[in-house]
There are 2 protein chains.
Amino acid sequence: MARTKQFEVENVLDAAVGLFWKKGYHATSANDLVAHLGVSRSSLYDTFGDKRNLYLQALHQYRKRIIGRHLYLIETATDLKETLEAIFTLIIEQDIDDFHPRGCMLVNAATEMAAVDEDVAAIVRGNQWDLQKACEMAIKKAQYQNELRTDIDPKSTAAAIYNAIIGMRVALKTEQEQATLDGIILQTLRLLD
Amino acid sequence: MARTKQFEVENVLDAAVGLFWKKGYHATSANDLVAHLGVSRSSLYDTFGDKRNLYLQALHQYRKRIIGRHLYLIETATDLKETLEAIFTLIIEQDIDDFHPRGCMLVNAATEMAAVDEDVAAIVRGNQWDLQKACEMAIKKAQYQNELRTDIDPKSTAAAIYNAIIGMRVALKTEQEQATLDGIILQTLRLLD
DNA sequence: GGGGTTATGGAACGTTTGTTCCGTAATTAA
DNA sequence: TTAATTACGGAACAAACGTTCCATAACCCC
């Protein structure tokens, strides 16, 4: 019936994630997108709507691809403390020694956009809920299996751990000493002792 | 010798803080600044240089005015845990029930600008150093006065507490349940038990 | 192999961007 | 009062912004 697209939507979304993640919403121009996504202006607008819409879809893509991995690790954890330490390490390795650390796209979105864009806020909140709930469930499971003290409150502890992860995401935006980062991990995971 | 300025530099800087704090660097336009600072375009550029320069000066102003208060509270604390709880409460009260929560201007600056602007990064790092050091010293002082267990490591604990404050600053960008926030505070301050 | 439909590339749109320029106003030392 | 200097308001600037439009190209069903 009609001409077929010369690109994969998923691939282009991944590329859009790459741009918006690194530079944020306002600092990424339409020209940037056209130049780096390998898709012409008209096809971009035809497929994704306007810039804001593309940004929202990129946020969903980021959440699915990047955060999905962390969720999976937590949900399948056998040793929770070890798993959380591994996640901290993953996060650190992503940004350390990077001249332009990207941090977390959802944290960047929260600070740049969430206050003035309810759709962005909803995505950020959804992500928070997922991670906090997964962490809470993992704590409960560990308690049920007698691997964790039962006087630890699952909900507030999960919230505090999630909160610490967010904090580290910001900290990594300005390069940090490894010793400081290790200290934060050590103390945060002490919540599970 | 020459005409006198019709405005106080400090007042204008405070107003600039208000704008950049709420909207960030890129989303605040030169027109926004002219419209809200009560200073003509030419006087703005004459006094503060370009937009980026004004932003950097606004960051310093924010640090002096807002964070200076927290520093003072920590440095003069008699009951550290109580003081930290008070600071958490101050932070929460600023943003809760606000339709457009501003969060912390330095956190916003870190995520939006620090990766690509070394001067912004330096200001953020300076602020981190101040707060972390103040917290570390307060812990040591409390330990010396036998108000705190001596097996608590001052440096890493201070880093973790600072980290939790940053995390909460981001969390408040999307409105939160008070119970969740209280849980984070409770668990974070457990580091001092 | 048309005919209907969508995709594409590129030019073009009107706004908004950050910044500069200039004529005039205000200030004070001489 | 004059001369020298700086501040001010507003027009003006080129560049970049996000978006739209259109002629052409590619595709599939009939």
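Each chain gets a letter, A, B and so on, in the order its sequence line appears, and its residues count up from 1.
- For the OP1/OP2 pair of D:dA16 and a distance below 4.0 Å, the side-chain nitrogens and oxygens of A:N31 include no atom meeting the criterion.
- Note: NZ (A:K51) to P (C:dT16) measures 15 Å, nearest angstrom.
- Between B:S40 and D:dC8 there is no side-chain polar atom (N or O) within less than 4.0 angstrom of OP1 or OP2.
- Every side chain to side chain contact (heavy atoms under 4.5 Å, CB included) that B:E75 has, sequence neighbours left out, goes to B:L71, B:A134.
- For the residue pair B:S43 and B:K5, no side-chain donor N or O sits within less than 3.5 Å of a side-chain acceptor on the partner.
- Computed from coordinates, the B:K23 NZ to C:dT16 P distance equals 13 Å when rounded to whole Å.
- A straight line from CG of B:L33 to P of C:dT19 spans 10 Å, rounded to a whole angstrom.
- Comment: B:E112 does not engage B:K23 in a salt bridge, judged by the lack of any side-chain N to carboxylate O separation of less than 4.0 angstrom.
- A side-chain donor from one of A:N53 and A:Q57 sits under 3.5 Å from a side-chain acceptor of the other.
- When only modelled atom types and interatomic distance are considered, B:D98 and B:Q94 share no side-chain donor-acceptor pair under 3.5 Å.
- Counting to the nearest Å, the P atom of D:dT5 and the NZ atom of B:K5 are 17 Å from each other.
- Rounded to an integer number of Å, the gap from B:L44 CG to C:dT19 C1' is 12 Å.
- Contact annotation for B:S29: backbone-only contact, meaning every heavy-atom pair under 4.0 Å involves sugar-phosphate atoms and none involves a base.
- Between A:H26 atom NE2 and D:dG18 atom C1' there is a gap of 12 Å when expressed in whole angstrom units.
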Check: Going through the distances and angles, do B:K64 and B:E10 end up as a salt bridge (Lys or Arg N to Asp or Glu O under 4.0 Å)?
Finding: CA-CA 12 Å; B:K64 188 169 72 178; B:E10 289 280 304; 3.7 Å; yes
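- Nearest nucleotide to the A:D46 side chain, out of D:dG9, C:dA7, C:dT17: C:dA7.
- For the ring-ring contact (aromatic ring centres under 6.0 Å, His included) test, residues two or more places apart in sequence or in another chain that qualify with A:Y55 are A:F20, A:Y25.
- Put simply, CG on B:L37 is 15 Å from C1' on D:dC8, counting in whole angstrom units.
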Next item on the list: Treat primed atoms plus P, OP1 and OP2 as sugar-phosphate and everything else as base, then score nucleotides 20-30 of chain D 5' to 3': B for base contact with protein heavy atoms under 4.0 Å, S for sugar-phosphate contact only, - for none.
Entry: BB---BBBB--
